[in-house]
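Have a look at the structure below, then the notes.
Throughout, a chain's letter reflects where its sequence line sits, starting with A, and its residues are numbered from 1.
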2 protein chains.
Amino acid sequence: MNYYGEHVTKLIEELGRLPGIGGRSAQRLAFHILNMPKENAQALADSIMQAREKVKYCSRCFNLTDTDPCPICSSSRRNPNQIMVVESPRDMAAYEKTNDFNGVYHVLHGLISPMDGVSPEDIRIRELINRINDKTEEVILATASTIEGDTTAMYIARLIKPLGVKVSRIAKGVPVGGELEYVDQITLAQALKSRLEV
Amino acid sequence: MNYYGEHVTKLIEELGRLPGIGGRSAQRLAFHILNMPKENAQALADSIMQAREKVKYCSRCFNLTDTDPCPICSSSRRNPNQIMVVESPRDMAAYEKTNDFNGVYHVLHGLISPMDGVSPEDIRIRELINRINDKTEEVILATASTIEGDTTAMYIARLIKPLGVKVSRIAKGVPVGGELEYVDQITLAQALKSRLEV
């Protein structure tokens, strides 16, 4: 369907390869880009190549970063001995937004999932173990509350506990502001089991 | 929220400016781009700049094209004297997919819409009038079946009829395959009014 000539068709094709962008969205985006001021199109194209070329992983926590170590790992205001283990940079960002955590992170870049062929060696578990030393106070397992998240957390806990380091797991329960009637039964049961005395 | 460093944040920002791409989608797309093979990221960035730089409007029909006149206007197999007037290149493509029209197009790039401040001078109506000559057999108004589409069609019809050229409007009615019970009342009434003897 080369109705618009080669260049527009190519642009639609490339946009259509992105996740969640179907044929129609790709077409809409392409026409938007064609109508953009040239500087904006240039800025978009540049940002793609800059990000792809310049962004690397922090050699300590494996977060995405422009500088190594990343701003969090190199900040003197963070406690380097409290390590929160997360699945992805997005989860790291989610916890940063809470402004409630003052330690550092360790980004696994995946969760153990035998179904998807992801084994412990495929994610950054070895690098986590290597970071742990005498000074490490706590490792907080903040993986998702899914089978993969729980499996990964348990696997890591079993490796770390023998090192004599405190290991914790973020709590499962009813979301804050969540009406009980809309919360699923497994979460309700878990919230009851994890109840705290007030 | 500069959790990922400048380059990733910039990429998320640029992607988030595209229509229909919210903050979360922009983040998802950005991480996908970061994980792409470098050639693919390059291909995406290139296609943006190539399209923005090389694509122009056909000087006859104002379709998007790499060559001027566009492949349709320069095809010897198309009837240059039957002109279908459409709002956008997308509508042109929609009719091309039917394989049922052998004339040429005229792309208005918009519809008259006083509410949005779009007046007849803002779209390619003057250029349409200039294309019409002694040989022109028919002008088919294929704008949308909306207030703006109807207004634009009526406006153009009033300009062209005095030139002694046949002007037609695509039919309104029940969509093919459409169950009557799901078709809105205005369309049903229109379909009745436009009924043809069989």
Please walk me through it: do A:Ile156 and A:Val167 pass side chain to side chain contact (heavy atoms under 4.5 Å, CB included)?
-> CA-CA 9 Å; A:Ile156 293 174; A:Val167 182; 5.9 Å; no
How would you list, in number order, the residues of residues 32-41 of chain B that have a heavy atom less than 4.5 Å from chain A?
-> B:His32, B:Ile33, B:Leu34, B:Asn35, B:Met36, B:Pro37, B:Lys38, B:Asn40, B:Ala41
Chain A: which of B:Leu11, B:Thr67, B:Thr65 shares the most heavy-atom pairs with it under 4.5 Å?
-> B:Leu11
Does the pair B:Tyr95 and B:Ile170 meet the rule for a side chain to side chain contact (heavy atoms under 4.5 Å, CB included), with working shown?
-> CA-CA 12 Å; B:Tyr95 256 102; B:Ile170 53 167; 3.5 Å; yes
Neighbour count >12 (heavy atoms, 6.0 Å) for atom NZ, B:Lys172 = yes
In terms of heavy-atom pairs under 4.5 Å with chain A, which of B:Leu15, B:Leu29, B:Val8 leads?
-> B:Leu29
Flag yes if B:Leu159 and B:Leu163 sit in one hydrophobic cluster, no otherwise; membership is Ile, Leu, Val, Met, Phe, Trp, Tyr, and two members link when side-chain heavy atoms are under 4.5 Å apart.
-> yes
Residue-level interface, residues 79-93 of chain B with chain A, non-hydrogen cut-off under 4.5 Å = B:Pro89, B:Arg90, B:Met92, B:Ala93
Taken to the nearest 0.5 Å, the spacing of B:Arg131 CZ from B:Ser59 OG works out to 9.5 Å
Could you look at B:Ile72 and say if it's the side chain, the backbone, both or neither that has a heavy atom under 4.5 Å from chain A?
-> neither
Flag yes if A:Leu44 and B:Leu44 sit in one hydrophobic cluster, no otherwise; membership is Ile, Leu, Val, Met, Phe, Trp, Tyr, and two members link when side-chain heavy atoms are under 4.5 Å apart.
-> yes
Output the option from A:Arg28, A:Arg17, A:Glu13 having the highest count of non-hydrogen pairs under 4.5 Å with chain B.
-> A:Arg28
Hey, what do you get for SG (B:Cys61) to CD (B:Glu127), rounding to the nearest 0.5 Å?
-> 12.0 Å
Would you call A:Arg169 and A:Asp150 a salt bridge, taking side-chain N to carboxylate O under 4.0 Å as the test?
-> yes
Any residues in residues 48-58 of chain B near chain A, with a heavy-atom distance under 4.5 Å, and which are they?
-> B:Ile48, B:Met49, B:Gln50, B:Ala51, B:Arg52, B:Glu53, B:Lys54, B:Val55, B:Tyr57
Counting a contact as any heavy-atom pair under 4.5 Å apart, which residues of residues 103-115 of chain A contact chain B?
-> none
From CG (A:Leu141) to CE (A:Met154), nearest 0.5 Å = 11.0 Å
Test side chain to side chain contact (heavy atoms under 4.5 Å, CB included) applied to A:Ile21 and B:Ile21, step by step = CA-CA 10 Å; A:Ile21 309 266; B:Ile21 310 266; 3.9 Å; yes
If only atom types and distance count, is the side chain of A:Thr151 paired as donor or acceptor with the main-chain N or O of A:Ile147 below 3.5 Å?
-> yes
First locate atom CZ of B:Arg126, then atom CD of B:Glu121, and finally report the distance between them rounded to the nearest 0.5 Å.
-> 7.0 Å
Got a second to check how far B:Cys73's SG is from B:Asn63's CG, nearest 0.5 Å?
-> 8.0 Å
Test log, rule side chain to side chain contact (heavy atoms under 4.5 Å, CB included), inputs A:Thr152 and A:Ile123 = CA-CA 10 Å; A:Thr152 306; A:Ile123 60 178; 4.0 Å; yes
Kindly say whether B:Val118 contributes a backbone atom to a donor-acceptor pair with the side chain of B:Asp116 at under 3.5 angstrom?
-> no
Got a sec: does the CD1 of A:Ile186 have more than 12 other heavy atoms crowding it under 6.0 Å?
-> no
Could you tell me the separation between the CZ atom of B:Phe62 and the CG atom of B:Leu128, rounded to the nearest 0.5 Å?
-> 10.0 Å
hydrophobic_cluster_shared for B:Tyr155 and B:Ile129, side chain cutoff 4.5 Å | yes
